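Okay, structure first, notes after.
This structure is a prediction, so every number in the text was calculated from the model and none was measured. Position 1 is the first residue of the sequence, and the numbers go up from there.
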Amino acid sequence: MLRFLTAGESHGPRLTVIVDGMPAGLELDAVRDVNPDLRRRQGGYGRGKRQQIEQDEAEITGGVRGGYTLGSPISVTVANRDWENWSGPMQVEAAGFKAKKVTRVRPGHADLAGVLKYGFDDARDVLERASARETAARVAAGGVARALLRAIGIEVRSLVLRIGPVAAEPPTGDVDWEAVEASPVRCPDAEASSRMVAEVDAAREAKDTLGGTAYVAALEVPAGLGSYAQWDRRLDGRLAQAMCSIPSVKGVELGAAYCAAQSRGSAVHDEPRYEQGVGFRHRSNRQGGLTGGVSDGETVWALVHFKPISTLLSPLRSVDIATGEETNAHYERSDICVVPAGAVVAEAMMAWVLADAALEKFGGDTVDEFRAAASAHRRAVQNLR
Ligand SMILES: Cc1cc2nc3c(=O)[nH]c(=O)nc-3n(C[C@H](O)[C@H](O)[C@H](O)COP(=O)(O)O)c2cc1C
């Protein structure tokens, strides 16, 4: 139903995203609906100097008139301020172009795989697009998706549960989301938060990097999104693909998946219950709000695992693709830990998949039609019995 495509290089002039399939009549404003999340993506303890240069701001350049979507493709751009420092090596035109080649490929980054794929002699041709700068454009698309979800009462949130060896307990009840945003690592547990900060400082001191785990949740998701009827319509599979497409994400758990794999069935499955006026719910939510690839009325939640950043200030061994000789990897200004920022990207991807699934279920050329179908469905689910 919904599609988005991004374009643009990390140090090119700007990123562009085209969002196609949004209904007409959705109130959309870049300053209100996109920029706050762009800022959250730039934050988090452990980011590198690039974030001091960039102050991401979205500009809507198509698909919106007078503050409302038109039903036509929505285009959004985000300028790269760092482009000024790279306009030579990143120039578009051939005349006078002089590349400063990157040939000492970084272990864990896309450099070598991309060079092998395209036959490039300059890893910059790869890294400029493989770089997670692209995720700013995804967050912009996510802002549009979140506006649509908000129209039917769904909110997507995230927090950080682990940075390297330092872990906080997963949420069990209501989360203090203000405490999440106030924490430098987006972790509401103050004690764990300060240990995470210390761990990032220690990694920086050691010229090393860290990964970790984010918890991402969608609240008030109605039952019935996705389908068990066909493999590619399962909401669990769609969410897993979206999460694993985020650079440096190497694993995703839908609900308490790894814990379930180590437990007996009696300790795992969510028992249904019925409540007058509320309808059918569950006594627990270990399944992450998804059963049979369909949302089951509980909070949809996932644990997203990020590997450590691959660009190291004290580089690992590598090879020079120009000579084949052993050497140390290239270093380029880089982050130490991006889990707090990656969690914001994961929110955007979860919002995107849910907006797509909601449009599939409720349809509508206009937001009013979409909203009315969603309300009718919520009422029908409440009064099923
Ligand atoms: C928000 C964010 C920022 C990132 N910043 C960096 C960075 O500064 N340096 C780096 O080497 N990798 C960074 N990464 C990870 C790389 O983009 C990623 O490891 C690389 O593209 C290879 O893809 P893969 O790890 O999924 O295999 C970042 C990832 C995210 C989500």
Side-chain angles (χ1 to χ4, degrees), residues 1-43 50-51 53-84 86 90 92 128-152 154-156 158 218 242-243 245-247 338 341-359 364-367 370:
M1 302 297 293
L2 282 177
R3 292 182 296 173
F4 81 83
L5 280 179
T6 72
E9 276 61 49
S10 180
H11 299 99
R14 64 185 57 82
L15 299 162
T16 303
V17 57
I18 308 245
V19 171
D20 191 35
M22 276 290 157
L26 178 68
E27 251 187 300
L28 194 66
D29 180 88
V31 172
R32 185 191 60 217
D33 300 316
V34 183
N35 289 353
D37 289 336
L38 288 177
R39 257 192 300 282
R40 289 166 73 234
R41 192 204 74 97
Q42 287 200 268
R50 172 89 189 256
Q51 304 315 318
I53 298 171
E54 303 296 349
Q55 274 170 12
D56 289 342
E57 280 180 6
E59 187 187 355
I60 296 176
T61 52
V64 178
R65 183 161 180 254
Y68 290 88
T69 58
L70 299 169
S72 41
I74 299 164
S75 55
V76 186
T77 66
V78 180
N80 291 324
R81 290 193 171 195
D82 207 11
W83 155 247
E84 282 177 18
W86 289 80
M90 288 305 294
V92 173
E128 281 293 330
R129 182 66 188 160
S131 155
R133 177 73 189 146
E134 184 264 349
T135 61
R138 297 196 200 192
V139 167
V144 182
R146 294 166 93 118
L148 185 72
L149 292 178
R150 218 166 284 132
I152 57 169
I154 302 175
E155 278 293 339
V156 183
S158 71
M243 294 299 157
S245 76
I246 301 169
V338 297
V344 176
V345 180
E347 282 177 17
M349 294 309 290
M350 183 176 275
W352 183 265
V353 171
L354 292 177
D356 186 37
L359 256 184
D365 288 318
T366 67
V367 166
F370 172 70

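To the nearest 0.5 angstrom, Glu9 atom CD is 12.5 Å from Trp86 atom CH2. Distance OG/Ser75 to CD/Glu59: 9.0 Å, rounded to 0.5 Å. With rounding to the nearest 0.5 Å, the separation of CG in Leu354 from CE in Met350 is 6.5 Å. Atom CE of Met22 sits about 6.0 Å away from atom CD1 of Ile74, to the nearest 0.5 Å. Atom CD of residue Gln55 and atom CZ of residue Arg81 lie 4.5 Å apart, to the nearest 0.5 angstrom. Atom CD of Glu128 sits about 5.5 Å away from atom NE2 of His11, to the nearest 0.5 Å.
Between Ala151 and Val367, the shortest heavy-atom contact is CB-CG1, 4.1 Å. Contact between Ala141 and Val17 at its shortest, heavy atoms only, is CB-CG2, 3.9 Å. Closest non-hydrogen pair, Ala358 versus Ile152, comes out as CB-CD1, 4.1 Å. Shortest non-hydrogen contact noted between Ile60 and Ala30 is CD1-N, 3.8 Å. Here the shortest heavy-atom pairing between Leu28 and Ala147 reads CD1-CB, 3.9 Å. The minimum heavy-atom distance linking Asp56 with Ala136 is given by the pair OD2-CB, 4.1 Å.
Val76 is not listed as a side-chain neighbour of Thr61, based on a closest heavy-atom distance of 4.5 Å or more. Looking at heavy atoms from C-beta onward, Leu359 lies in side-chain contact with Pro23 at the 4.5 angstrom threshold. Arg133 places a side-chain heavy atom less than 4.5 Å from the side chain of Asn80. Residues Glu54 and Asp82 form a side-chain contact, since some pair of their non-hydrogen atoms from C-beta on lies under 4.5 Å apart. Put simply, the side chain of Glu134 does not reach to within 4.5 Å of the side chain of Ser10, judged on heavy atoms. By the 4.5 Å heavy-atom criterion applied to side chains, Thr16 and Thr6 are not counted as neighbours. The shortest side-chain heavy-atom distance between Val345 and Val139 falls under the 4.5 Å cut-off. Annotation: side chain of Val78 is in contact with side chain of Leu38 (closest heavy-atom distance under 4.5 Å).
A 6.0 Å sphere centred on CZ of Arg14 holds no more than 12 heavy atoms belonging to other residues, nucleotides or ligands. By the 6.0 Å contact criterion, CG on Leu5 is open, its count of non-hydrogen atoms from other residues, nucleotides or ligands being 12 or less.
Among residues at least two apart or in separate chains, side-chain hydrogen bond (donor to acceptor under 3.5 Å, both in side chains) pairs with a member in residues 20-34 are Arg3-Asp20.
With 3.5 Å as the limit, one finds a donor-acceptor pair spanning the side chains of Arg41 and Thr135.
Trp352 and Phe4 have perpendicular rings, their planes meeting at more than 60° on a 0 to 90° scale where under 30° would count as parallel.
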Dump the intermediate steps for salt bridge (charged side-chain N to carboxylate O under 4.0 Å, His left out) on Asp37 and Arg138, then the final yes or no. CA-CA 11 Å; Asp37 289 336; Arg138 297 196 200 192; over 6 Å; no
Would Phe370 and Leu148 satisfy side-chain contact (heavy atoms from CB on, under 4.5 Å), going step by step from the backbone distance to the final call? CA-CA 9 Å; Phe370 172 70; Leu148 185 72; 3.7 Å; yes
Show the numbers, then the answer: is there a salt bridge (charged side-chain N to carboxylate O under 4.0 Å, His left out) between Glu347 and Arg146? CA-CA 9 Å; Glu347 282 177 17; Arg146 294 166 93 118; 2.8 Å; yes
